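Each remark here refers to the structure printed beneath this line.
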Amino acid sequence: MENPRHWRLKKQRYALVGEICPHCAVKIFPPRDVCPECGLEAKTSYQFSGKGKIYSYTKMTDGPAGFRQNAPYFVALIQLNEGPMITAQLTDVGDEEIKIGSPVEMVTRKLREDGDQHGAILYGYKFRPVLQEVSA
Amino acid sequence: MKLLKPENPVGIIGYGAYIPRYRIKTTEIARVWRGEGAGPIREKSVPGPDEDTITMSIEAGRNALARARVAPESIRAIWIGSESHPYAVKPSGTIVAEALGADSSISAADFEFACKAGTEALIAGMGFVGSGMARYMMAIGMDTAQGKPGDVLEYTAAAGGGALILGPAAESAAVLDGAYSYVSDTPDFWRRQTAKYPEHAQRFTGEPAYFDHIGHALRTYLDETGTTAKDYAYVIFHQPNAKFPQKIAKEAGFTPDQLAPGLLSPFIGNTYSGAVPLGLCATLDIARPGDRILAVSFGSGAGSDAFSLTVTSKIDEVRALAPTTQAYINRRTEIDYAVYAKYREKIDFDR
Ligand SMILES: [Zn+2]
């Protein structure tokens with residue numbers, strides 16, 4: 001049987017599932033069951049669009065074990081379109097200039113894996129420059 | 001009756017492509033190995049260091065869901081065909097299902113049949129939906145193929161694929177007319193459980209493998225449906241290179257124009273299980289209502305699946321709801337062999 005808290009963490013990490021406050025409609029990420037605005041209980045799950053903007057960023061030239069294949073890489077503070085601010089790694093940064101205000105979108109990628117090819121692979125959200133504007 | 005046709009008519013209600021952004025020129029691979037290159041294949045797609053068949057399936061799956069306009073909870077099966085599942089034991093399907101927001105009351109399975117694992121999942125899905133066991137299912141063909149450094153396969157082994165959501169024909173953007181599968185025990189290409197790179201029997205890859213199986217599937221499908229090349233607007237063949245699909249197309253009476261939209265190997269290389277689903281996504285991106293599309297896959301070991309579709313007027317509603325295949329092809333960052341070797345874990349960091 002699966003631990004419900006663990007299950008919710010996976011949804012949050014794989015697909016940016018947070019919460020919406022039923023009282024004041026504030027969108028919450030990561031989910032914490034209590035609204036940061038009005039202080040009331042907020043347990044309704046909410047699927048974020050994955051769209052946002054870079055608020056701030058830094059370039060990492062070396063990484064800890066499990067991240068070294070990826071170096072150099074960017075870590076950014078991202079303001080989601082729905083409001084919350086989150087920290088995430090940027091990926092697929094090509095010729096685009098990374099700057100404050102650049103639009104980004106969420107993708108699910110490998111976060112970490114054991115270098116010896118024996119361990120489990122951890123997947124989670126990262127952000128990349130927007131591929132193609134799509135009319136929703 | 002050799003045709004595979006479900007009780008209730010089935011169609012594609014959503015489709016989604018994925019191709020990673022990195023490219024290596026085949027001339028760059030030839031420079032390192034002093035090899036001959038890969039003819040008309042100019043470059044191949046390379047996955048980033050944080051990508052694998054699971055992450056690529058998730059993105060293609062999200063694109064397909066956006067076009068299908070159905071809740072992820074309504075998908076009753078997610079079947080992923082690949083020869084590069086990240087785990088030898090642990091299904092890719094469960095992780096992809098979780099990330100897509102599918103319900104836990106779902107069939108999630110991984111299919112393996114070399115390069116035709118994706119169409120295998122599609123044909124099984126036709127039965128699953130056509131029998132009424134499921135209203136919607138998702139079939140994915142996706143690969144991050146690798147060739148031994150310096151081997152002839154290294155020039156073309158690429159990454160990419162497509163996700164297709166099947167549902168009732170009445171809701172679909174393209175109705176599946178029927179399918180046919182042909183297999184025989186042929187030792188042309190294989191990879192043992194713990195081997196990183198595949199082996200291939202050089203003399204087996206052309207005539208007795210690709211052309212024989214695709215030829216059988218194609219001829220039987222055309223005979224059984226009473227159709228000829230002229231009845232189809234577009235055709236997609238498995239594309240391990242550019243030459244094989246061009247040769248079989250010409251022999252069967254298809255024009256280069258019928259083949260062009262779904263022939264992506266000159267631009268991104270051979271995406272293995274991803275090749276036919278991706279070629280189909282690229283073709284659906286430009287197809288018009290009423291167009292018929294024929295697709296014929298090939299998988300080593302060996303076998304071929306043929307199936308055709310009739311595009312409906314819904315195609316115009318769904319097309320713009322997710323990125324086009326061309327958007328992924330156009331988004332490219334060229335890398336050299338050293339970066340490629342790092343990304344594809346040909347350099348060992350930890351030993
Ligand atoms: Zn509130």
Side-chain angles (χ1 to χ4, degrees), chain A residues 1-2 4 6-17 45-50 63 65-73 89-96 105-126 128-136, chain B residues 17-23 47-59 61-63 66-67 69 71-72 86-88 90 92 94-102 104 194 196 319-328 330-335 342-345 347-351:
Chain A
M1 203 171 63
E2 207 167 28
H6 180 55
W7 179 80
R8 237 164 43 132
L9 280 175
K10 258 192 306 184
K11 291 272 182 216
Q12 149 192 346
R13 208 174 62 216
Y14 286 173
L16 224 56
V17 175
S45 77
Y46 178 81
Q47 172 67 63
F48 281 80
S49 67
F67 283 97
R68 282 157 71 197
Q69 296 279 84
N70 298 354
Y73 61 90
Q89 195 178 318
L90 300 183
T91 189
D92 282 354
V93 177
D95 310 327
E96 301 91 345
E105 60 192 359
M106 187 270 288
V107 289
T108 307
R109 294 293 172 90
K110 286 194 281 188
L111 294 182
R112 200 167 65 225
E113 64 184 306
D114 285 355
D116 63 1
Q117 303 278 327
H118 287 275
I121 307 167
L122 183 70
Y123 296 92
Y125 58 78
K126 293 187 183 182
R128 71 165 176 215
V130 172
L131 174 88
Q132 184 184 36
E133 289 298 344
V134 169
S135 52
Chain B
Y18 184 74
I19 303 165
R21 87 172 290 164
Y22 303 99
R23 304 284 184 276
D50 59 359
E51 296 189 277
D52 62 19
T53 288
I54 288 175
T55 66
M56 292 163 53
S57 294
I58 291 168
E59 180 155 345
R62 285 186 180 135
N63 288 337
R67 287 200 175 95
R69 296 171 290 178
Y87 289 96
K90 182 182 186 337
S92 303
T94 54
I95 300 168
V96 173
E98 185 87 52
L100 293 179
S104 290
T194 56
K196 182 165 181 179
R319 197 180 343 242
L321 299 177
T324 60
T325 311
Q326 201 59 48
Y328 284 103
N330 295 345
R331 179 192 70 148
R332 58 181 287 289
T333 297
E334 200 178 319
I335 56 175
K342 183 175 107 167
Y343 281 6
R344 299 307 281 134
E345 297 174 357
I347 298 173
D348 208 325
F349 276 71
D350 298 282
R351 254 167 289 181

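Labels below follow one simple rule: chain letters A, B, ... track the order of the sequence lines, proteins then strands, and each chain is numbered from 1. Small disclaimer: the values here were computed from a predicted structure and weren't measured.
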Heavy-atom contact with chain A under 4.5 Å, split by part of B:E59: side chain
B:E51 and A:K110: which non-hydrogen atoms are nearest, and at how many Å? O-CE, 3.6 Å
Spacing of CG belonging to B:D50 relative to CD belonging to A:Q89, to within rounding of 0.5 Å: 7.0 Å
side-chain contact (heavy atoms from CB on, under 4.5 Å) evaluation trace for B:L100 with A:Y14: CA-CA 8 Å; B:L100 293 179; A:Y14 286 173; over 6 Å; no
Comparing B:T324, B:I58, B:T333, B:N330 against chain A, the one with the most heavy-atom pairs below 4.5 Å turns out to be B:T324
Examine whether an atom of B:T55 lies under 4.5 Å from a heavy atom of chain A, and if so say whether it belongs to the side chain, the backbone or both; otherwise answer neither. both
To the nearest 0.5 Å, tell me how far B:I54 CD1 sits from A:Y123 OH. 3.5 Å
For chain B, find which of A:L16, A:D92, A:T91, A:V107 contributes the most heavy-atom pairs closer than 4.5 angstrom. A:D92
In terms of heavy-atom proximity below 4.5 Å to chain B, should A:V93 be classed as side chain, backbone, both, or neither? backbone
Give the minimum heavy-atom separation between A:V134 and B:A320, together with the two atoms involved. CG1-O, 3.3 Å
Mind listing the closest non-hydrogen atom pair of B:A99 and A:A15 along with its distance? O-CB, 3.4 Å
Top contributor to chain A contacts, counting heavy-atom pairs under 4.5 Å, from B:M56, B:R62, B:R332, B:K90: B:R62
Gap separating the CG atom of A:L131 from the CZ atom of B:R21, nearest 0.5 angstrom: 8.5 Å
